[in-house]
Amino acid sequence: MSVTEHPRILVTQRIPNPAYPLLEAVGEVEANMQTGLIWSYDELLQRGPGHEYILSLLTDTIDARFLEACAQSAPRLKLVANMAVGYNNIDVAAATRLGIAVTNTPGVLTDTTADLAFALLLATARRLGEAERFLRAGKFTGWEPLLFCGAEVHHATLGLIGMGRIGLAMARRARGFEMRVLYYNRSRLAPAEEAAFQAEYVPLDELLQRSDFVSIHAPYTPETHHLIGEREFALMPADAILINTARGPIVDEKALVNALAAGKIAGAGLDVFEREPLVEPELLQMENVVLLPHIGSGSLKTRTLMATTAASNIVAHARGQRPPTLLNPDVWV
Ligand code: DGY
């Protein structure tokens with residue numbers, strides 16, 4: 001691969017500071033420096049072409065139309081470095097067809113995301129949001145035997161949908177709470193790994209029927225779209241709780257609202273939503289749900305690592321080296 005002399009680099013959102021000098025060392029950086037400003041698709045389409053590198057976020061729709069515009073421009077787009085482990089916002093097949101490399105940031109956010117997923121599980125089970133709102137409203141008048149009694153987490157059964165890095169990290173956390181761990185995944189773990197994680201592989205329907213907590217850790221793909229919907233909620237016990245820190249559209253959010261309203265499940269902890277940043281209005285009114293603004297990987301240390309990992313992919317490519325976390329190796333010839 002040839003070295004690109006002083007390439008043009010676009011950074012689409014404000015990212016942690018340590019990533020900028022890495023990029024500036026290899027090219028000319030144009031960056032959206034306004035915290036909280038997410039460019040619209042049209043703005044992205046206007047700004048993207050003419051850059052060799054784009055450091056993108058999961059809020060950027062990098063579809064075939066965008067990629068084609070960037071591939072036809074001069075200079076031509078060479079690589080999109082997504083600052084996320086998930087890359088469902090990018091049409092990787094179109095990028096590959098156009099010879100554009102795509103990278104993500106696996107590994108660096110595993111434990112931080114699992115920490116948040118477990119925190120959300122605990123918060124939902126023990127009704128922390130509801131209880132805190134009650135206290136802040138000045139309603140706490142003294143200890144009561146039945147005040148905010150929630151579900152027990154220790155020794156309960158946790159069903160993990162998706163057993164990649166983050167699913168495994170959840171299984172490790174669950175062991176500390178002496179939970180029984182069931183999992184459903186595209187591929188089964190090796191027997192030694194199942195034993196090490198004390199995790200039992202079961203079909204999805206069985207997992208839904210047997211779990212007190214169901215936590216989703218699968219990527220969003222056409223196969224996982226609405227993986228959990230009306231039929232699946234009907235299989236879950238009435239006291240079950242759903243946790244989603246993966247991607248919103250894996251759950252049919254309208255079906256979730258109906259299941260919660262009808263008492264088919266007891267609660268939900270959600271860090272992601274089907275139409276982010278929109279949230280089904282009914283969910284906002286429900287006390288038995290805990291809702292977070294997609295902060296799974298949100299520690300400053302982890303977000304910094306994600307930003308520098310994305311930047312390192314651009315730096316490597318600009319220096320003629322293979323990007324360390326390349327998703328479409330076919331473009332690397
Ligand atoms: C990801 O990386 O895919 C998360 O959703 C954001 O950290």
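From a predicted model like this one, the values you see are computed outputs, not experimental measurements. Both counts, for ligands and for their atoms, begin at 1 and track the order of listing.
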Donor-acceptor pair between Asp330 and Thr96 side chains, under 3.5 angstrom: no

Do any N/O atoms on [X] end up under 3.5 angstrom from N/O atoms on ligand 1?
X	value
Gly86	yes
Val85	yes
Arg247	yes

Numbered atoms of ligand 1 (with element) below 4.0 Å of Ser297, judged on heavy atoms: 6 (C), 7 (O)

Contact atoms of ligand 1, heavy-atom distance to Leu109 under 4.0 Å: 2 (O), 7 (O)

Side chain, backbone, both or neither: the part of Thr105 lying under 4.0 Å from ligand 1 by heavy atom: neither

For ligand 1, the portion of Asn104 having any non-hydrogen atom under 4.0 Å away: neither

Joint cluster assignment, Leu300 & Leu305, ILVMFWY side-chain distance < 4.5 Å: no

Close approach, His294 and ligand 1, non-hydrogen under 4.0 angstrom: yes

Minimum-distance pair of heavy atoms, taken over all atoms of Leu160 and Gly167: CD1-O, 3.4 Å

Plane angle bin for His317 and Tyr53 - parallel if under 30°, tilted between 30 and 60°, otherwise perpendicular: perpendicular

Glu24, CD: over 12 other non-hydrogen atoms inside 6.0 angstrom: yes

